Amino acid sequence: MCATFPIPPLALDSAAGEPPWMNGGYFSQTTRRMAERHEHAYGQILGVDEGVIGIRTEHSYWQIGPGQCLWLPPGLPHQARSHGAITGWLLYINESRSRTLPSEPFLTQGSRLLRAQAERLARHASGMIWDKPLFRLAESFWDEFRSLPHAALSLPLPTDPRLRRMADLLSDNPADPREQPDWASDAGMSPRSFVRRFMAETGMPFSTWRRRLRVLAAQELLARGRSVTDAALEVGYESSGAFGAAFRSITGCSPRDYSKLRGSGPDRTS
């Protein structure tokens, strides 16, 4: 089942004559949803309170979990999908403000202050009239958002057709056991050319890229309520210890803690 997230229009403050540069709203879904490839005329800050949303662009794949938010610049084609029940907020930013942020997406862990500000803005920054306190709140949010460090948790996607085909196959089946020489042969490349080209396209070795892909795929499974053991097996790990170590190195928490945080309930394994 497909659905789009709400897109409130930006409007002018007809009372003060000063144009509100932000508009906001909440979203809440009880089932897994997908928004097909689309783009927005405005910049978008997407924050998650509960659940997990995956955002895929031409060059990267991102997952946003509770407390995190993602910046999407104007005019960037992307797809969105939730992995079960999801609640969160959206803030749309006008073109002039958007130009002060990077032209590429970035993920950040929202501070407690930013989340409180975003909650109020999502409730009140959706009308045509802004009072002075709302303008000040928006400016304070903007300063806080721009000060937060960016998290390097995306999965870069290669653009070379041979490597992109491999990336798509692995995305569909993260447990595929083929190793780097096998993929090089399948792509019609020498092992040395494969290593060099893959690093140039993604900025990381194939082994690191595949580990990140598997962890991202496991996050989706855990968000849907799968057990830690099942998630590990489905993404290609035979050892729960190796899976836990890889998961922690990338996300900063254990698979069990992640499962609880995402609201998917306790792990069903011992």
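Numbering of residues begins at 1 and proceeds along the displayed sequence. Side chains are part of it too, since the values below use all heavy atoms of this structure and drop only hydrogens, waters and symmetry mates. The model shown is predicted, which means the values in this text are computed figures rather than measured ones.
For the 3.5 Å distance criterion, the side chains of Ser140 and Gln117 qualify, holding a donor opposite an acceptor. Using modelled atom types and a 3.5 Å distance limit, the side chains of Asp257 and Ser254 yield a donor-acceptor pair. Glu144 and Ser111 share a side-chain donor-acceptor pair at under 3.5 Å.
Ring-centre distance between Tyr26 and Trp89: not below the 6.0 Å cut-off. Aromatic rings of Trp183 and Phe194 (six-membered ring for Trp) have centroids beyond the 6.0 Å cut-off, not under it.
Not a single donor-acceptor pair under 3.5 Å links the side chain of Glu201 to the backbone N or O of Phe198.
Taking the six-membered ring where tryptophan is involved, the planes of His40 and His78 are tilted, since the angle between them lies from 30° to 60°. Between Phe106 and Trp71, the two ring planes are tilted [angle within 30° to 60°].
Annotation: side-chain hydrogen bond (donor to acceptor under 3.5 Å, both in side chains) contacts of Arg165 (sequence neighbours excluded): Asp186. Residues satisfying the side-chain contact (heavy atoms from CB on, under 4.5 Å) test with Pro149, not counting sequence neighbours, are none. In this structure, the side-chain hydrogen bond (donor to acceptor under 3.5 Å, both in side chains) partners of Arg178, at least two apart in sequence or on a different chain, are Asp176.
When hydrophobic clusters are built by joining Ile, Leu, Val, Met, Phe, Trp and Tyr residues whose side-chain heavy atoms come closer than 4.5 Å, directly or via intermediates, Val228 is not grouped with Leu233.
Using a cut-off of 4.0 Å between Lys/Arg side-chain N and Asp/Glu carboxylate O, Glu119 and Arg123 are scored as salt-bridged.
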